[in-house]
Structures are given as C-alpha cells and as structure tokens.
Amino acid sequence: MIHMPVASLLALAAVLFCIGLYGALTKRNLIMVLVSIEMMLSAVNINLVTFSRLGAAPNLTGQVFALFSITVAAAEIAVGFALVLAFFRLRKSTEVKDADSQKK
Amino acid sequence: MNFSAFEHLDTLVFYLVSLVILVCAVMMLNFRKVIYMVLAMGGVFVGCAVLFLLLGADFVGIAQVMIYAGAITILMMFAIMLTNHEAVEPEARWSLQKAFSAIGAVVLGAVLLLVIRSTHWVVGDGRHINHGYANPVAIGLDLFREYTIPFELVSLLLLVSLVGAVLIARERKED
C-alpha cells in the first residue's frame, strides 16, 4: 500500500508549477525561459501520476498520458533549442529583450 | 519522541524528496550562471522520477530519468555551450514586470493550495491497476491495445520535430 497524502502531492505540484511560472515570466535568458516551461510540464506530470494511483478511480490512463506528455515535452524542447540557436546566429544574443522585433 | 507522522517509510521519503525538489527549484530561480540553473533543474527532474517510483509508476519513473534527467538536461547544456555560455543574469533588482509576475504566481499558488486544502480527496483502491502484470508490461499492453493511434501519432510528432529542429538550426548558405 502507498501511504502518501494526496493533498501534499498536489500541493507540491502546485508550488512547483508556480515557481516555473514565475521563472518563465521573469528570466532574461531564452534558454532559462524554456527550462522553466519544462518545470511547469513536470509539475503537471506529478499530478497525472498521482491521480493514476491515488485518484477516486485508479487506472493506468494517467501514467500513459504522462508518457505522452513527456514525449511532447521532449519534442518541444528540441524545436525550442533549434529556434534559440537560429536566433543566436542572427542576433548574437540569447536575451529575451532582443527578441521583440522582426527587424534584421 | 513521537514518530507517528512517519510511521511509514514512504511518507518520510516523500517529504524528503519534496524538500529536495523545492530547494532545487528555488535555487534554479536564484542562481546567476545559466549552467548552474540547468544543474539545479536536473535535481528537480531526478526528484520527480523518485516520486513516480514511490507512486508505483516504475515505467514513467525510468522514462523520466532517461528523457528528462538524461536527454533534456544534456540538450540544455549543449544549447548553452553553443550560445554564449558566459551569460549571467543581472543582479536581482525589483522591476514592475518582476513584481507583477510575483504577485500573479503567488495569487495562483494561494488559490490552488486553498482549493486543494478544502477538497476532500477520495482515494480509490489502486492495488490492481496493473491487472496482475508488472507495471511496464501493463503499460505496454495498454499502449498497444487501447492507445494505438495516439502512440503512432506521437511517433509521427517526434519524426516531424526531429526534421524540423535540424532544418531550423542548420546554417543557411544561400542567403
């Protein structure tokens, strides 16, 4: 049996999500913004797996959905870093504030 | 001394791991060198993997270690090394944007925590979710019996993002 309190797991995920949100809104570096978004996705995965085991009707769907979410996060981070690399080549910078216009 | 709150070992491990995750996340916000931030992020990912293992989701836990803690952290390192890896965040100074972001994040967190506290969470009997198989076997059967089309679509998504990432990141010779 598992003796972890559901509310504590959900609270951990909520706090992690909010830290990620704050990071995504305030970081200066484009890479760190992407990393913060990954942290928010990770918090959501904790919720999915928690409900898969400790929800009202436990089943494997939550874990399968967490797997899909991990896959989509990996695809997203690969394309995101490719964009950051292309941006760095164009502007010689990875700062968010340099990414606000479409001029060359 | 009274250890009644930690009667079960997994409860104790859960609180320790949660502490590690939150400390790593806060350190990620506070470090000024980007490479240290990525290392702190690795700590968060490994902590999440331990949580998944504690919850009996063996396959998701191992996948988390391999994909997040392994592949994505290394990819972040590469991205930092290929761009300006000397980059440091400027001194922490309060600006209007930071203040509004902090207020938004704190309000969202407070609302979520209040709702979580005031809800009564029904815990079902989760002992038979694997139908008697080991967890990876049960997930494999589920993937190929019920989620075949999403599974194939995800493989298509991975292929498209692979080609897209190569196409976006390569150097353009013609222009």
Side-chain angles (χ1 to χ4, degrees), chain A residues 1-12 14-16 18-23 25-29 31-32 35 38-39 42 45-46 49-50 52-60 63-64 66-68 70-79 81-86 88-89 93-94, chain B residues 8 10-11 14 18 21-22 25-26 28-29 34 37-38 41 44-45 48 51-52 54-57 60 63-64 67 71-72 75-76 79-80 82-84 87 89 97-98 101-102 105 108-109 112-113 116-117 121-124 126 129 138-139 142-143 147 150 154 157-158 161 164-165 168-169:
Chain A
M1 266 317 271
I2 288 173
H3 301 279
M4 280 184 273
V6 184
S8 304
L9 275 159
L10 297 183
L12 169 71
V15 172
L16 202 59
C18 291
I19 293 177
L21 180 66
Y22 177 75
L25 289 176
T26 56
K27 286 287 174 197
R28 298 285 190 85
N29 196 315
I31 298 173
M32 293 329 290
V35 170
E38 286 302 300
M39 188 144 89
S42 212
N45 279 345
I46 293 180
V49 177
T50 302
S52 137
R53 187 67 169 77
L54 299 170
N59 55 46
L60 277 182
Q63 294 181 25
V64 173
L67 279 177
F68 284 142
I70 289 176
T71 319
V72 172
E76 173 239 315
I77 208 81
V79 176
F81 282 150
L83 284 173
V84 170
L85 275 185
F88 180 73
R89 215 168 266 144
S93 155
T94 51
Chain B
H8 304 286
D10 55 355
T11 319
F14 163 66
S18 318
I21 291 179
L22 290 181
V26 172
M28 198 281 279
L29 288 182
V34 275
M37 294 182 193
V38 170
M41 210 53 216
V44 173
F45 290 149
C48 288
L51 273 189
F52 295 159
L54 280 178
L55 280 167
V60 183
Q64 169 94 6
I67 298 175
I72 290 185
L75 194 64
M76 291 170 189
I80 287 169
L82 286 174
T83 57
N84 52 344
E89 293 269 319
Q97 181 206 3
K98 269 196 175 181
S101 311
L108 177 66
L112 285 175
L113 289 179
I116 289 169
R117 249 189 98 78
W121 298 101
V122 184
V123 178
I129 55 169
I139 284 194
D142 231 31
L143 270 182
Y147 301 100
V154 156
L157 174 79
L158 278 179
S161 70
I168 292 170

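What you see is a predicted model; the values in this text were computed from it and never measured. Lettering of chains follows the sequences in order, A, B, ..., and the numbering in each one begins at 1.
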Check each atom of [X] against the heavy atoms of chain B and say whether the ones under 4.5 Å are side chain, backbone, both or neither.
X	answer
A/Ile19	both
A/Ser93	neither
A/Ala56	both
A/Leu83	both

Do you know which two heavy atoms are closest between [X] and [Y], and how far apart they sit?
X	Y	value
B/Met37	A/Met32	CB-CE, 3.1 Å
B/Ala105	A/Cys18	O-SG, 3.5 Å
A/Ile46	B/Phe52	CA-CE2, 3.8 Å
B/Leu29	A/Gly23	CD2-CA, 3.7 Å
B/Ala57	A/Val49	CB-CG1, 3.7 Å
A/Leu16	B/Cys48	CD2-SG, 4.4 Å

[X] side, atom [atom1]; [Y] side, atom [atom2] - distance, nearest 0.5 Å:
X	Y	atom1	atom2	result
A/Glu38	B/Ile72	CD	CD1	4.5 Å
B/Ile67	A/Ile77	CD1	CD1	13.0 Å
A/Ser52	B/Ile139	OG	CD1	7.5 Å

Is it the case that the side chain of B/Gln64 and the backbone of A/Ile70 share a donor-acceptor pair, with hydrogens and angles ignored and the cut-off at 3.5 Å?
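Such a contact is absent between B/Gln64 side chain and A/Ile70 backbone.
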Chain A heavy atoms under 4.5 Å from [X]: which part of the residue, side chain, backbone, both or neither?
X	result
B/Met76	both
B/Val44	side chain
B/Leu108	both
B/Leu143	side chain

Option in [options] with maximal non-hydrogen atom pairs under 4.5 Å from chain B:
options	value
A/Ala66, A/Ala75, A/Ala14, A/Ala86	A/Ala75
A/Ser42, A/Ala57, A/Gly20, A/Ala73	A/Ser42
A/Thr50, A/Leu85, A/Val84, A/Leu67	A/Leu67

For chain A, which candidate among [options] shows the most heavy-atom pairs at distances under 4.5 Å?
options	result
B/Leu158, B/Leu112, B/Leu75, B/Leu22	B/Leu75
B/Ala63, B/Ser101, B/Gly109, B/Ala165	B/Ser101
B/Ile21, B/Leu113, B/Leu55, B/Val122	B/Leu55
B/Ala25, B/Ala71, B/Ala138	B/Ala25

Any non-hydrogen side-chain atom of [X] less than 4.5 Å from a side-chain atom of [Y]?
X	Y	value
A/Leu9	B/Leu51	yes
A/Leu54	B/Trp121	no
B/Leu157	A/Val72	yes

Dump the intermediate steps for side chain to side chain contact (heavy atoms under 4.5 Å, CB included) on B/Thr83 and A/Ile31, then the final yes or no.
CA-CA 10 Å; B/Thr83 57; A/Ile31 298 173; 3.7 Å; yes
Passes side chain to side chain contact (heavy atoms under 4.5 Å, CB included), B/Val60 versus A/Val64? Steps please.
CA-CA 8 Å; B/Val60 183; A/Val64 173; over 6 Å; no
For side chain to side chain contact (heavy atoms under 4.5 Å, CB included), just list the numbers for B/Ser161 and A/Glu76, CA-CA rounded to whole Å, side-chain angles, deciding distance to a tenth of an Å, and then say yes or no.
CA-CA 8 Å; B/Ser161 70; A/Glu76 173 239 315; over 6 Å; no
Side chain to side chain contact (heavy atoms under 4.5 Å, CB included) evaluation trace for A/Phe88 with B/Leu82:
CA-CA 9 Å; A/Phe88 180 73; B/Leu82 286 174; over 6 Å; no
Residues two or more places apart in sequence or in another chain: which of them pass ring pair (Phe, Tyr, Trp, His ring centres under 6.0 Å) with B/Phe45?
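Ring pair (Phe, Tyr, Trp, His ring centres under 6.0 Å) list for B/Phe45, sorted by chain: B/Tyr68.
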